[in-house]
Protein chains: 2
Amino acid sequence: MESQDLRKAGLKVTLPRLKVLEILEKTEQRHLSAEDVYKALLAMGEEIGLATVYRVLTQFEDAGLVSRLSIDGGHAVFELEDGTHHDHLLCVRCNRIEEFTDEVIEERQRAIAAEKGFEMTDHALYIYGICQQCQK
Amino acid sequence: MESQDLRKAGLKVTLPRLKVLEILEKTEQRHLSAEDVYKALLAMGEEIGLATVYRVLTQFEDAGLVSRLSIDGGHAVFELEDGTHHDHLLCVRCNRIEEFTDEVIEERQRAIAAEKGFEMTDHALYIYGICQQCQK
DNA sequence: CTGACAATGAGAAAGGTTTTCATTTAGTAT
DNA sequence: ATACTAAATGAAAACCTTTCTCATTGTCAG
Ligand SMILES: [Mn+2]
Ligand SMILES: [Mn+2]
Ligand SMILES: [Zn+2]
Ligand SMILES: [Zn+2]
């Protein structure tokens, strides 16, 4: 019962919120654009407006339920937040997204921010390339 | 005489291209948006259309004369390519951009791409934070 | 069960970037 | 120098993703 997740996040329990959460949980691909979620809702028979999908995803982000990645400018994808920070590899051919974690890089980033006098608030690391399948 | 740079890049020598190149070379801040370049041209008395600025910057990018960074929030900035790869720190308060190079991170990225079977084509690393001036 | 306030849907608007198309221009051939 | 052809330009419209507006509907505390 994910109603609890919503209440815990201080959000009223509404059908759009429950359904968006359900899509995020049940869709095989972990990284979905607002449009992807919208289409999945339509395919499921739920007529939820795209504006609502955007609003809900933003609220979920604010509540820490999902995280947003900003791909190549002007196009975001969302994924359920699982508490473990990770970065991404993106295939420029098929748009596959893979995840990785690297503590060496994380540590170097902290060191660089400190060197430059920056109080780091966030970071984004994307490795672009051609995935194994697409190389054949 | 930057006409040679343009010819070398296979681009016809036109006034808009020469002027955009001049702005990129002479402006104190290294990272400029298309709008920044457009305004600088106006200030210089050149009436060059914004569409042309975008076209020229994209052509320069394709020619390897400039590189484009896609800042979080749908808005790109361009800088003259100097052959030395570097990544960026961005102040979320004042939009200051600082540069850094870190061979440890570069190497780890190559290792991660290899591990995942990706043929790396590019990567983007942005560290967001509050710069020293903005912390006061 | 009611009422107050929040959430939703539809469409308009925003903001950055790209495209269209008529006109002008650069580079090459004459 | 002149003429020609393909490429470049400017202005405006189109685009695309995301946000906003506002009338309507729904949630949930009382
Ligand atoms: Mn992820
Ligand atoms: Mn730079
Ligand atoms: Zn691929
Ligand atoms: Zn700052």
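Computed from heavy atoms alone, side chains included, the values below leave out hydrogens, waters and symmetry copies. Predicted model, so just to flag it, every value in this text is computed and none were measured. Lettering follows sequence order; numbering is per chain, from 1.
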- What integer distance in Å separates L41(A):CG from dG9(C):C1'? 14 Å
- Message: Between P on dG11(C) and OH on Y38(A), what's the gap in Å once rounded to a whole number?
- Response: 10 Å
- Note on the structure: When rounded to whole Å, the CG to P distance for the pair D36(B) and dT17(C) reads 10 Å
- Query: Among E119(A), E115(A), E103(A), which one satisfies salt bridge (charged side-chain N to carboxylate O under 4.0 Å, His left out) with R110(A)?
  - Reply: E103(A)
- Rounded to the nearest angstrom, tell me the gap between atom CD in E35(B) and atom P in dA14(C). 16 Å
- Item | Length of the CD1-C1' vector between I71(A) and dT17(D), whole Å | 14 Å
- Does a nitrogen or oxygen in the side chain of Y54(A) sit under 4.0 Å from OP1 or OP2 of dT18(D)? yes
Tabulate below the donor-acceptor pairs under 3.5 Å that side-chain atoms of residues 129-136 of chain B make, not counting sequence neighbours, or state none.
unit_1	atom_1	unit_2	atom_2	d
Q133(B)	OE1	R96(B)	NH2	3.3
Q135(B)	NE2	G117(A)	O	2.8
Q135(B)	NE2	I130(B)	O	2.8

Could you write out each protein N or O paired with an N or O of nucleotides 9-13 of chain D at a distance under 3.5 Å?
unit_1	atom_1	unit_2	atom_2	d
dT9(D)	OP1	T14(B)	OG1	2.6
dG10(D)	OP1	E47(B)	O	3.3
dG10(D)	OP2	G49(B)	N	3.2
dG10(D)	OP2	T52(B)	OG1	2.6
dG10(D)	N7	R55(B)	NH2	2.7
dG10(D)	O6	R55(B)	NH1	3.3

- Task: May I have the distance from R68(B) (atom CZ) to dG16(C) (atom C1'), rounded to whole angstrom?
- Result: 11 Å
- Query: Crowded around E47(A) CD? As in, over 12 foreign heavy atoms under 6.0 Å?
  - Reply: no
- Task: Using the test ring-ring contact (aromatic ring centres under 6.0 Å, His included), find all partners of H86(B) that sit at least two apart in sequence or belong to another chain.
- Result: H88(B)
- Query: Are side-chain heavy atoms of L90(A) and I127(A) found at a separation under 4.5 Å?
  - Reply: no
- Query: Does a salt bridge link R30(A) with D82(A), judged by any charged N lying under 4.0 Å from a carboxylate O?
  - Reply: yes
- Message: If you assign R7(B) and H75(B) each to the DNA chain C nucleotide with the nearest heavy atom, which residue ends up on the more 5' nucleotide?
- Response: H75(B)
- Item | Upstream residue (5' side of DNA chain C) when S33(B) and K12(B) are each assigned their closest nucleotide | S33(B)
